[in-house]
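Step one of this worksheet: look at the structure below.
Just follow the structure's listing: the first ligand is 1, and inside any ligand the first atom is 1. The chain is numbered in sequence order, starting from 1.
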Amino acid sequence: MKIIILADEAAAVSCAARTLTDKVRAKPTAVLGLATGETMIALYRTILEISTTEPLSFSEISTFNLDEYVGLPFGHSASYRTYMQNNLFSHADFDPALTHFLAGDAKDLVLESSRYEQLIIDVGGIDLQLLGLGENGHIGFNEPSSSLASRTRIKTLTKTTLEANKINFKNIDKMPLCSLTMGVGTILDSRQCLLLATGSRKAPAVAQMVEGPVTATCPASALQLHPNTLVILDDQAARDLKMRDYYEYVHSGVSNVT
Ligand code: GLP
């Protein structure tokens, strides 16, 4: 794991945005795995700012979103498809035919999950997988107890996650209790992972992910097994890291040391 700790949220978001836009420039046909949540809103805003001030095209980029709520119809205001439209896709030159989502309202959710897995294989795999981090250590919607070898599937949401995400639902009673999510194994198959976490609420999960044991209790800890993971943190999210001095020493101004 390469752990970059920056002074504040703006610096962390900007570093993550640069990593992603550099990838798009280096490989205009790249396959990106995309994440949602509050943290990503700032990231997508920064990417859009870069795309309006510098030459940058997404027209040949393929995308796969990590997860979706089960049961939400196409166009529902809280669906991640709507989130991506509002926060990224409708403001840049993405080709809608190349943006892929899990259909949370599919009749057969098992079939839908295997369709998605196959589609990722068919395009040659994910080049760069963006990840946020749940306060309980989830990545995608892989809640604690998820198999570290899991593939795309239905996952019941924990009360912590329902609580954290209820802000997106006008009627909490109608909030879906389940999701479809890429599995931990699916995520680990990506050629590179980029996890962005900011704010003190994420500090305990960050410490478990980076310095705790690899355990299904903290699904993000499986990233320790990935050979090319970049973790970008702000000062607050890095608060509980015991080896923080070392990470800062390794990466302060010495960009080639890993
Ligand atoms: C949701 C998403 C995750 C995301 C997490 C963190 O649960 N399914 O992919 O990483 O939230 O979100 P936030 O950035 O809002 O804390």
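When every heavy atom of Q129 is checked against every heavy atom of S190, the shortest pair comes out as CB-OG, 3.4 Å. For L66 against A35, the heavy-atom pair with the smallest separation is CD1-CB, 3.8 Å.
Between I139 and I187 the shortest side-chain heavy-atom distance falls below 4.5 Å. Looking at M40 and L196, their side chains come closer than 4.5 Å, going by heavy atoms from C-beta outward.
Screening residues 149-176 for ring pair (Phe, Tyr, Trp, His ring centres under 6.0 Å), with sequence neighbours left out, gives Y69-F169.
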Check ligand 1 for N or O atoms under 3.5 Å from a protein N or O and list each pair with its distance.
unit_1   : atom_1 : unit_2 : atom_2 : d
ligand 1 : 7 (O)  : H138   : NE2    : 3.0
ligand 1 : 7 (O)  : N165   : ND2    : 3.3
ligand 1 : 8 (N)  : D67    : OD2    : 2.8
ligand 1 : 8 (N)  : G140   : O      : 3.3
ligand 1 : 10 (O) : L133   : N      : 3.4
ligand 1 : 14 (O) : E38    : N      : 3.3
ligand 1 : 14 (O) : T39    : N      : 2.9
ligand 1 : 14 (O) : T39    : OG1    : 2.4
ligand 1 : 15 (O) : E38    : N      : 2.8
ligand 1 : 16 (O) : K202   : NZ     : 2.6

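Between Y249 and Y246, the ring planes lie tilted relative to each other; the angle falls in the 30° to 60° range.
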